[in-house]
Amino acid sequence: VDSVPPPLLVAGASSLWTPDGSPSGLGLRDRPAIAIAGGRIAWLGPEGGLPPNLATDPRLVRLDAAGGTLVPGFVDAHTHAVFAGWRADEHRRRLEGASYASIAAEGGGILATVRATRAASREELAELLRSRLDTMLLNGVTTVEVKSGYGLDLGTELRQLEAIRDAALAHPVRVVATYLGAHALPAERAHDREGYLREVMDLAIPRVAQDRLATCCDVFCERGAFSVDESRRILSRARECGLLLKVHADELSASGGAELAAELRALSAEHLLDASDEGLEAMASAGVVAVILPATSLMLRARPVEMARLRRAGCRVAFATDFNPGSSPVDNLPLVAALACITNGATPEEALTGITLHAAAALGLEDEIGALMPGRCGDVVVLDAPDASHLAYRMGARLARHVVRAGQVVVRDFARVA
Ligand SMILES: [Zn+2]
């Protein structure tokens with residue numbers, strides 16, 4: 001992406017939708033247009049109202065929205081997209097009735113991907129991630145969070161994070177890296193739990209922070225993974241080192257993860273299938289974003305979190321793919337927005353806010369991306385649809401006709417151009 005592309009006018013749309021903090025967001029229907037200059041949104045309004053300084057700029061480039069809908073670039077706030085090897089056999093086992101826990105006990109699950117990822121080079125991992133970012137971009141995703149956590153030893157965790165950095169370099173998608181060394185206890189440390197925790201806290205976290213290999217630190221706080229006390233120790237250390245905090249919380253059981261996220265004022269708590277009402281309320285008052293993963297609950301045939309509960313608690317809610325080779329081999333964020341409506345009971349507006357503004361907040365970027373407002377980064381998607389409710393409706397369809405990233409057209413008429 002060029003650092004300063006020429007000013008861009010996206011016009012010819014039939015509607016514009018952006019979160020504006022209200023439950024239904026802001027829908028403009030009077031020939032809306034948007035102008036981006038210096039990579040940032042300079043103006044939005046009815047097409048005839050373009051300010052003269054932009055209207056008369058000889059460098060101004062026009063992008064025809066072809067009667068589509070303008071929305072903010074999508075933000076996938078929770079993925080494990082840097083991995084080697086698929087696990088289709090496990091999916092078959094689950095279809096036959098095996099549980100997540102029993103598959104893990106047989107050496108499958110996260111530890112199966114750890115074996116494959118340890119065997120992959122940094123170049124191989126970067127290339128795998130790059131091709132996944134390409135696919136996401138074609139679906140309108142302009143920002144994606146990617147976690148480590150399939151290394152579970154210092155060398156491979158760092159290699160995963162370096163691969164994330166390599167893949168993000170010169171790729172239009174903005175990538176936010178998260179260190180997730182506390183994803184599972186590695187098999188070879190089964191009798192050295194404290195030793196592994198010390199490696200995470202004393203070696204990995206300071207190194208990751210110092211080398212700026214990640215901006216966030218996440219922990220899988222769950223029975224069978226890491227306890228609330230262990231998670232608190234790890235996350236407190238991460239905060240001392242300047243990392244932002246995230247928690248995989250209450251996915252398989254009510255384990256106190258939501259309450260811990262609130263106590264530590266984490267950016268987000270994620271999954272939350274079994275979170276208590278008290279935990280959700282504590283999250284809401286601490287400003288912790290609830291990141292809900294509808295494709296994962298569907299894949300695991302788990303009971304989805306009711307949007308009504310999250311609304312009652314007052315949580316800001318993001319929806320993300322959780323893209324990973326086990327519980328969510330789904331890289332399609334618009335599909336997940338549709339699932340949020342069908343399986344969780346979100347409105348189309350909540351689903352869209354959940355993959356834009358609230359997802360940005362889950363990454364600490366809500367002042368930068370996630371809404372179409374003057375001053376924000378010029379990340380815009382032109383949907384091939386007369387209004388934004390089609391995202392919730394045409395499940396799995398490719399609706400991103402054009403994608404603009406920081407003012408540069410990177411997808412035009414459904415094809416990559418930069
Ligand atoms: Zn996850």
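We count ligands from 1, going down the list as the structure has it; atoms in each ligand are counted the same way. This one's a predicted model, so the numbers in the text were calculated from it and none came from an experiment.
Under the side-chain hydrogen bond (donor to acceptor under 3.5 Å, both in side chains) criterion, D202 pairs with R198, not counting sequence neighbours. Residues forming a side-chain hydrogen bond (donor to acceptor under 3.5 Å, both in side chains) with R207 (at least two apart in sequence, or on another chain): D211.
Between E240 and R237, at least one side-chain N (NZ, or NE/NH1/NH2) sits under 4.0 Å from a carboxylate O, which counts as a salt bridge.
Coordination check, D322 versus the Zn ion (ligand 1): passed, since an N/O/S atom of the residue sits under 2.8 Å. At least one N, O or S atom of H248, from either the backbone or the side chain, sits less than 2.8 Å from the Zn ion (ligand 1).
For H80, the N, O or S atom with the smallest separation from the Zn ion (ligand 1) is NE2.
In this structure, the side chain of R398 engages the main chain of F414 through a donor-acceptor pair within 3.5 Å.
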